[in-house]
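One structure is given here, and the rest of the page talks about it.
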Amino acid sequence: MKDMQTIISLAKRRGFIFPASEIYDGLGGVYDFGPLGVALVNNLKKAWWQSMTRNHDNVVGLDSAILMNKKVLKASGHLSAGFADELLECKQCQKRFKKDEVEGDVCPACGGALSEPRQFNLMMKTFIGPVEDEAAIAYLRPETCQGIYLNFLNVLNTMRMKIPFGIAQIGKAFRNEINPKNFIFRKREFEQMEMQWFCRPQAANDFFEYWKKERLTWYQIMGLKKENLRVQEIPEEERAHYAQRQIDIEYHFPFGWGEIEGIHNRGDWDLKNHSQHSGRELSYTEENGEKYYPHIIETSVGVERSFLAFFSDAFEEVAGGRTKTTTAVKEKEILLRLPKALSPIKILVLPLVKNKPALQEKATAVYQSLKSQFSCRYDDVGSIGRRYRRGDEIGVNYALTIDFESLDNDDLTVRDRDTMKQERIKIKALPAFLSKQLAA
Ligand code: GAP
């Protein structure tokens with residue numbers, strides 16, 4: 001059984017995730033990615049970006065602004081009740097809750113009486129310009145896709161796209177969540193990887209099925225265990241205000257099943273509303289003269305939620321350690337079986353012992369020769385076993401050890417994180433060997 005607290009403490013201890021503003025006691029629902037966290041996040045984003053824009057000929061990229069004219073969010077429905085949660089407040093302890101998370105009619109924290117529910121809009125407000133009046137109010141975007149709809153015509157015309165086609169984007173989104181929880185699962189500042197697929201109305205159902213399959217397959221190719229993934233069809237009364245159909249891809253986190261990605265059939269909601277509100281015609285005309293508002297199939301993944309899914313999936317705690325020695329009672333070992341595409345550091349270069357300059361020199365030369373091609377680190381602090389374990393804990397795929405034989409034979413041992421098997425490889429064959437292994 002994986003324990004959330006151990007996962008959170010590993011993430012902090014090994015420089016993946018820190019609470020934001022920590023020296024000022026933090027800020028609810030906001031976290032920072034540390035050196036290893038940002039490397040993993042970048043790998044995750046790169047894998048998603050490549051799968052969308054390279055593996056699909058007709059998906060192009062975009063990076064639109066976080067700040068938008070507030071008329072956008074009126075047209076999209078985010079300024080109305082559609083993007084609000086029902087908030088309950090305890091009259092006794094003043095704690096606040098989302099109504100749909102409270103079972104019964106008393107405060108889950110202290111048993112006190114609860115207020116009547118009130119609508120609470122989730123958008124974060126700010127002001128643009130020097131005067132903080134009504135006219136200057138702006139909002140931080142609550143989802144990245146609105147910028148895609150605003151650029152529908154720009155992309156269509158400049159890239160000579162033809163329906164069906166998609167636009168992919170990765171970027172920050174903000175929601176003033178009433179109750180951020182489960183570490184980085186529900187945050188107030190987070191990132192989304194969204195793709196909007198524009199198609200003929202008649203083709204929308206088929207493309208919905210197509211993208212559902214593509215996205216589920218992606219998680220499995222990326223190494224998530226099949227038994228930890230499931231798809232939930234969302235009934236009409238629970239769907240987002242823009243969705244005609246919605247499925248959630250859920251992951252089995254240590255705290256239970258939770259949504260990592262939503263796939264939505266948004267119909268003509270977006271382009272039609274933006275046409276009406278902006279006065280700019282966003283319909284599409286086929287070569288045969290047929291004119292319509294393209295329907296949109298959206299795939300929307302949270303960076304943090306998918307990070308947490310990959311991190312939890314890879315996490316393993318081995319009581320007594322993986323290498324059984326005769327007498328010594330060993331403490332538990334932690335292992336991150338991250339897929340090769342995601343691990344922040346792929347290779348560790350290790351001289352067998354520290355106080356032998358010839359070993360250090362050779363190991364340093366190996367490290368210098370690899371570091372521009374691979375994400376690797378040199379480490380000579382502590383016993384070799386301890387260094388292997390430190391590498392295993394952060395998901396390093398291969399540990400290269402320079403020992404005394406290496407000095408005569410110009411070779412080294414390559415230790416595989418998952419099997420702990422070691423094989424001797426000639427140093428001059430290393431780049432080709434590692435490229436092959438890491439591409440697999
Ligand atoms: N454009 C569609 C959209 O935003 P959503 O279901 O509200 O749909 C999509 O969000 C994904 O964004 C979710 O599946 C989740 O991974 C992520 N997400 C949403 N709210 C989040 C939050 N408060 N913290 C972290 N991730 C969040």
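First listed ligand is number 1; within each ligand, the first listed atom is number 1. Hydrogens, waters and symmetry mates are skipped; everything else that's a heavy atom, side chains included, is used.
- Atom numbering of ligand 1 starts at 1 in the shown order; those under 4.0 Å from a heavy atom of E298 are 1 (N), 2 (C).
- Residue E194 touches ligand 1 through its side chain alone, judged by heavy-atom distances below 4.0 Å.
- With a 6.0 Å radius and a threshold of 12 heavy atoms from other residues, nucleotides or ligands, E233 has its CD atom above the threshold.
- Counting only N and O atoms by type, the side chains of Q202 and H295 include no donor and acceptor under 3.5 Å apart.
- Residue G302 has at least one nitrogen or oxygen atom sitting less than 3.5 Å from a nitrogen or oxygen atom of ligand 1, judged on distance alone.
- Remark: ligand 1 atoms within the under-4.0 Å shell around heavy atoms of R186 are 23 (N), 24 (N).
- Interface atoms of ligand 1 facing F185, defined by a heavy-atom separation under 4.0 Å, are 24 (N), 25 (C), 26 (N).
- Of all protein heavy atoms, the one lying nearest to atom 24 (N) of ligand 1 is K187 N, 2.9 Å.
- A 6.0 Å sphere centred on NZ of K125 holds no more than 12 heavy atoms belonging to other residues, nucleotides or ligands.
- Of all atoms in ligand 1, listed by their number and element, those nearer than 4.0 Å to a heavy atom of C145 are 1 (N).
- In S300, the parts holding a heavy atom less than 4.0 Å from any atom of ligand 1 are both the side chain and the backbone.
- Heavy-atom proximity to E143, at under 4.0 Å, picks out these atoms of ligand 1: 1 (N), 2 (C), 3 (C), 4 (O).
- Residue contacts with ligand 1 for R175 involve side-chain atoms from C-beta outward but no N, CA, C or O (heavy atoms, distance under 4.0 Å).
- Residue-level proximity to ligand 1 for E189 is absent, since no heavy atom of it falls below 4.0 angstrom.
- Taking the six-membered ring for Trp, F33 and F18 have ring centres at least 6.0 Å apart.
- Counted within 6.0 Å of CZ on R230, heavy atoms from surrounding residues, nucleotides or ligands total more than 12; the atom is thus considered enclosed.
- Under the 3.5 Å distance criterion, with hydrogens and angles disregarded, a donor-acceptor pair is assigned to the side chains of E214 and H56.
- The closest approach between R266 and ligand 1 falls below 4.0 Å for a heavy atom of the residue.
- Atom NZ of K95 has 12 or fewer neighbouring heavy atoms from other residues, nucleotides or ligands inside a 6.0 Å radius.
- There is a side-chain donor-acceptor pair under 3.5 Å between D313 and Y251.
- Looking at Q192 next to ligand 1, an N or O pair under 3.5 Å apart turns up.
- Under 4.0 angstrom from ligand 1, there are no non-hydrogen atoms of R188.
- Residue Y242 approaches ligand 1 through these ligand atoms, each under 4.0 Å from one of its heavy atoms: 2 (C), 3 (C), 8 (O).
- The nearest heavy-atom contact from the protein to atom 18 (N) of ligand 1 is F190 CE1, 3.5 Å.
- Side chains of R266 and Y149: a donor on one and an acceptor on the other come within 3.5 Å.
- Using a 4.0 Å cut-off to heavy atoms of G262, the atoms of ligand 1 that qualify are 14 (O).
- A donor-acceptor contact shorter than 3.5 Å is absent between the side chain of N397 and the backbone of D416.
- Judged purely by distance below 3.5 Å, without hydrogens or angles, the side chains of Q169 and E194 never pair a donor atom with an acceptor atom.
- Heavy-atom contacts of E261 reach the following atoms of ligand 1: 14 (O) (cutoff under 4.0 Å).
- Under a 4.0 angstrom heavy-atom cut-off, E191 registers as lying outside contact with ligand 1.
- With no hydrogens or angles considered, no side-chain donor-acceptor pair links S300 and E298 at under 3.5 Å.
- The proximity of I260 to ligand 1, defined as any non-hydrogen pair under 4.0 Å, is limited to the backbone.
- Using a 4.5 Å cut-off on side-chain heavy atoms (C-beta onward), P201 and Y292 make contact.
- Nearest protein heavy-atom contact of atom 14 (O) of ligand 1 is E259 OE2, 2.6 Å.
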